> 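Right, I'll just put the structure down here and ask away after.
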Amino acid sequence: MQFKKIIHAIGMCGSLLLAACNNDSHNTNQNSDTQKALQPIVIQGALPVESEQMAAKLTNATVETVGGWKFWKGTYQGYPVIISKTRMGMSNAAAATAIAIERYKPIAIINQGTSGGHDPELKVYDIVLGRYTTNIGAFRTPKKALGEGSNALEWNEAFDVLPDDESDPEPIAIRKFEADAELLTAAHRAQNNYTQGNVVEGTIGSADVWNNELDRIAFFHKNYATSVEEMEAASVAQIASQFKVPFLGIRVLSNNITNGGAYDAGTGEACQHYVLDVVVEYMKAKQAALK
């Protein structure tokens, strides 16, 4: 009789253990299913030094090439991620963005990478979260006769390439694209993990120009409130806004000639590590909202 009781007890324990395992498996599957329900987030970098560190961290990554643009598809900590190497410049970045949106239907886009400083208070390895992103390469120049020369410091009229009124032949305005609030919140949640510099909000200026004239840089810092300059983010923001895809620009200072901050190649890798933390924070919040 005592032996039968022992056997019965063992059987009950086994049943409870099996039920617990089944519940764990169910919870794991539920979590996995929730993550799969999320659309991928696209992270962009113009050059290999701004993209390949992130691509190497993806799980089960596959590579797709569309035209001249490369995309890595995989997961990071269980979340679907697309790493996009856009190549340099406004046109390349815009094209890569349109392809990514049409092909992958992303939940959001982060454009990240290196930049040159406009704000003398910022140091190499500091990161700027682009609360605003703006095109600093679109102008209407003043009229001057042949022989009167040219002075870029007199180019005071910014040309809005995405005007609300498309019938206006000369839309003169500084167009600033505002960051998505949820992406910006996620970036602030992740900033405690970044120890190589400060993380601040600011304005990212973009153009197919590499400015080395300190007076010109000071002009942009004063009139556009630029913190840094680079060559892609504003065109990405412009395309994302038209598709209504949430966007955030994140830029690390790789150099800052306004205060003598010398170029450091390690900044690109540092920024990529930080951006992956931002992605986890953002996707985690989106996952929680689906439950």
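It should be emphasised that the depicted structure is a prediction, and the values quoted were computed from it without experimental measurement.
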> Return a table of donor-acceptor pairs under 3.5 angstrom between the side chains of residues 241-249 and protein atoms on other chains or two or more places apart.
residue : atom : partner : partner atom : Å
S241    : OG   : A237    : O            : 3.4
S241    : OG   : Q238    : O            : 2.7
Q242    : NE2  : Q238    : O            : 3.2

> List for me each residue that meets salt bridge (charged side-chain N to carboxylate O under 4.0 Å, His left out) alongside E170, sequence neighbours excluded, and say none if there are none.
R140
> Hey, could you give me the NZ/OG1 distance between K70 and T86, rounded to the nearest 0.5 Å?
13.5 Å
> Please enumerate all residues that pass side-chain contact (heavy atoms from CB on, under 4.5 Å) together with D165, with sequence neighbours excluded.
S167, D168
> Mind listing the side-chain donor-acceptor pairs of residues 141-149 below 3.5 Å, one per line with the distance, residues two or more places apart or on another chain?
residue : atom : partner : partner atom : Å
K144    : NZ   : E154    : OE1          : 2.9
E148    : OE1  : A145    : N            : 2.7

> Would you mind listing every side chain to side chain donor-acceptor pair (under 3.5 Å) that reaches into residues 177-188, with sequence neighbours excluded?
E182-K286, H188-Q191, H188-E201
> Test of understanding: with salt bridge (charged side-chain N to carboxylate O under 4.0 Å, His left out), list the residues that count as partners of K105, not counting sequence neighbours.
none
> Taking side chain to side chain donor-acceptor pair (under 3.5 Å) as the cut-off, I'd like each qualifying pair that reaches into residues 262-271, sequence neighbours left out, listed once.
Y125-D264, E269-H273
> In terms of side-chain geometry, is the basic nitrogen of R175 or D164 positioned less than 4.0 Å from the acidic oxygen of its partner?
yes
> Applying side chain to side chain donor-acceptor pair (under 3.5 Å), which residue pairs with at least one partner in residues 46-55 are found, sequence neighbours left out?
E50-T114
> Treating T203 as the side-chain partner and S227 as the backbone partner, does any N or O pair qualify as donor plus acceptor under 3.5 Å?
no
> According to side-chain contact (heavy atoms from CB on, under 4.5 Å), who are the partners of A152, at least two apart in sequence or on a separate chain?
W155, R216
> If you round to the nearest 0.5 Å, how far is CD1 of I107 from CG of L183?
9.0 Å
> A186: which residues meet the side-chain contact (heavy atoms from CB on, under 4.5 Å) condition with it, sequence neighbours left out?
R189, V278, E281, Y282
> Rounded at 0.5 Å granularity, tell me how far OH in Y194 sits from CG in D126.
7.5 Å
> Once rounded to the nearest 0.5 Å, what's the spacing between atom CD1 of I136 and atom CG of D208?
10.5 Å
> Please collect all ring pair (Phe, Tyr, Trp, His ring centres under 6.0 Å) contacts where either partner lies in residues 92-115, sequence neighbours excluded, each pair once.
F71-Y104
> Excluding sequence neighbours, so at least two apart, what forms salt bridge (charged side-chain N to carboxylate O under 4.0 Å, His left out) with K73?
E64
